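Being a predicted model, the structure only gives us computed values, none of them experimental. For this chain, numbers begin at 1 and follow the sequence in order.
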Amino acid sequence: MNIPSQEEERIQAATKNSKSLVVRYKECQRNHAAALGGNATDGCGEFMPNGEEGTLESLQCSACNCHRNFHRKELEGQHPSENIYHYHPNGIAAAPASESDGGHEVVKKKRFRTKFSKEQKAKMLNFAEKAGWRMRKLEESVVQQFCQEIGIKRRVLKVWMHNNKPNFANRKNNTS
């Protein structure tokens, strides 16, 4: 026999007395290993308020000691696919799945990759070799002028120099 908890009784009473949607907070999704670069959740299955409704303690879960916002929010009487956004393990909010993809979430967010022409690469290589592969040695105005000439941002040049220094600097030393 299942004995309803205080939370379930409160939800049932609210459902009978009101036509508004009832919000339930399900499993905890707090990543306790985020600072270490990992992913570890505590396994708390459902939010249980730590105090009386309306107090600050009621926003704290008595089971896992996390804030209510870490728990997955579910609207009673509404199918999870009707929610505006779905939870995704990578932390990326995804738009609702469409029927055409079988109802599955498809989330692919690729970062933008800069593509350089051969002329840009040759100019950047020449510039980097003259600078000794270090931008700190150069005046800021010289770097800005060069970036404007070839149509890239300073940060893009800096990243390109960092990524290509091992390849080109070693070749020059080996051929000399």
Side-chain angles (χ1 to χ4, degrees), residues 23 25-47 50 56 59-61 63-75 79-176:
V23 177
Y25 293 90
K26 294 292 191 172
E27 65 273 359
C28 183
Q29 298 173 336
R30 182 175 180 193
N31 183 4
H32 294 276
L36 303 172
N39 188 15
T41 55
D42 56 19
C44 176
E46 186 173 357
F47 175 78
N50 204 12
L56 287 175
L59 298 175
Q60 195 92 13
C61 180
C64 64
N65 218 18
C66 294
H67 192 275
R68 186 176 72 185
N69 289 350
F70 285 110
H71 290 260
R72 183 173 59 84
K73 187 176 184 179
E74 186 178 86
L75 300 175
H79 193 271
S81 67
E82 294 173 342
N83 290 337
I84 297 173
Y85 292 101
H86 299 288
Y87 166 77
H88 195 274
N90 294 344
I92 301 170
S98 65
E99 296 300 318
S100 62
D101 64 5
H104 292 90
E105 247 180 84
V106 179
V107 179
K108 290 185 181 179
K109 186 175 180 179
K110 295 177 90 175
R111 69 174 179 84
F112 176 75
R113 289 184 57 103
T114 307
K115 294 192 170 103
F116 301 107
S117 67
K118 289 182 181 181
E119 296 82 25
Q120 283 178 317
K121 288 180 187 176
K123 288 180 181 180
M124 287 190 294
L125 177 59
N126 188 25
F127 182 81
E129 286 174 344
K130 285 180 185 176
W133 292 93
R134 295 184 186 200
M135 289 179 63
R136 286 191 212 164
K137 291 183 178 180
L138 302 171
E139 287 186 33
E140 188 63 31
S141 61
V142 174
V143 176
Q144 288 297 338
Q145 182 183 356
F146 175 75
C147 289
Q148 285 179 349
E149 282 177 22
I150 65 170
I152 61 171
K153 293 182 179 175
R154 182 187 186 281
R155 182 181 170 113
V156 173
L157 175 63
K158 181 180 175 183
V159 170
W160 184 89
M161 286 175 66
H162 180 269
N163 290 343
N164 290 282
K165 181 180 177 181
N167 302 332
F168 292 111
N170 290 341
R171 285 186 196 165
K172 188 177 180 185
N173 291 341
N174 291 342
T175 57
S176 300

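- Counting heavy atoms from C-beta outward, Arg154 and Met135 have side chains that approach closer than 4.5 Å.
- Within the structure, salt bridge (charged side-chain N to carboxylate O under 4.0 Å, His left out) contacts touching residues 26-43 (residues at least two apart or in different chains) are Glu27-Arg72.
- With a 4.5 Å cut-off on side-chain heavy atoms, Asn31 and Thr41 do not count as touching.
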Side-chain atoms of residues 116-128: list all donor-acceptor pairs with protein atoms under 3.5 Å, sequence neighbours left out, distances to 0.1 Å.
residue	atom	partner	partner atom	Å
Ser117	OG	Glu119	OE1	3.3
Ser117	OG	Gln120	N	3.2
Gln120	OE1	Ser117	N	3.0
Gln120	NE2	Ile150	O	2.7

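- Here the CD atom belonging to Gln29 is positioned 11.0 Å from the SG atom belonging to Cys44, to the nearest 0.5 angstrom.
- Counting non-hydrogen atoms of other residues, nucleotides and ligands closer than 6.0 Å to NE2 of His67 gives a total above 12.
- Using a 4.5 Å cut-off on side-chain heavy atoms (C-beta onward), Val23 and Glu74 make no contact.
- Taking 4.5 Å as the limit, every side-chain heavy atom of Cys64 sits out of range of all side-chain heavy atoms of His32.
- Ring orientation note: the planes of Phe47 and Tyr25 are nearly perpendicular, at an angle over 60° on the 30°/60° scale.
- For Glu140, the CD atom counts as densely surrounded, since its 6.0 Å shell holds more than 12 non-hydrogen atoms of other residues, nucleotides or ligands.
- Between Phe168 atom CZ and Met161 atom CE the span is 12.0 Å, to the nearest 0.5 Å.
- The distance from atom CG of Asn69 to atom CG of Leu59, rounded to the nearest 0.5 Å, is 8.0 Å.
- Scanning for side chain to side chain contact (heavy atoms under 4.5 Å, CB included) contacts around Ala40 gives Ala33, with sequence neighbours left out.
- Summarising the geometry, atom NE2 belonging to His71 is positioned 4.0 Å from atom SG belonging to Cys28; distances are rounded to the nearest 0.5 Å.
- Gln145 places none of its side-chain heavy atoms less than 4.5 Å from the side chain of Glu139.
- For the atom pair CH2 (Trp160) and OG1 (Thr114), the distance works out to 13.0 Å, reported to the nearest 0.5 Å.
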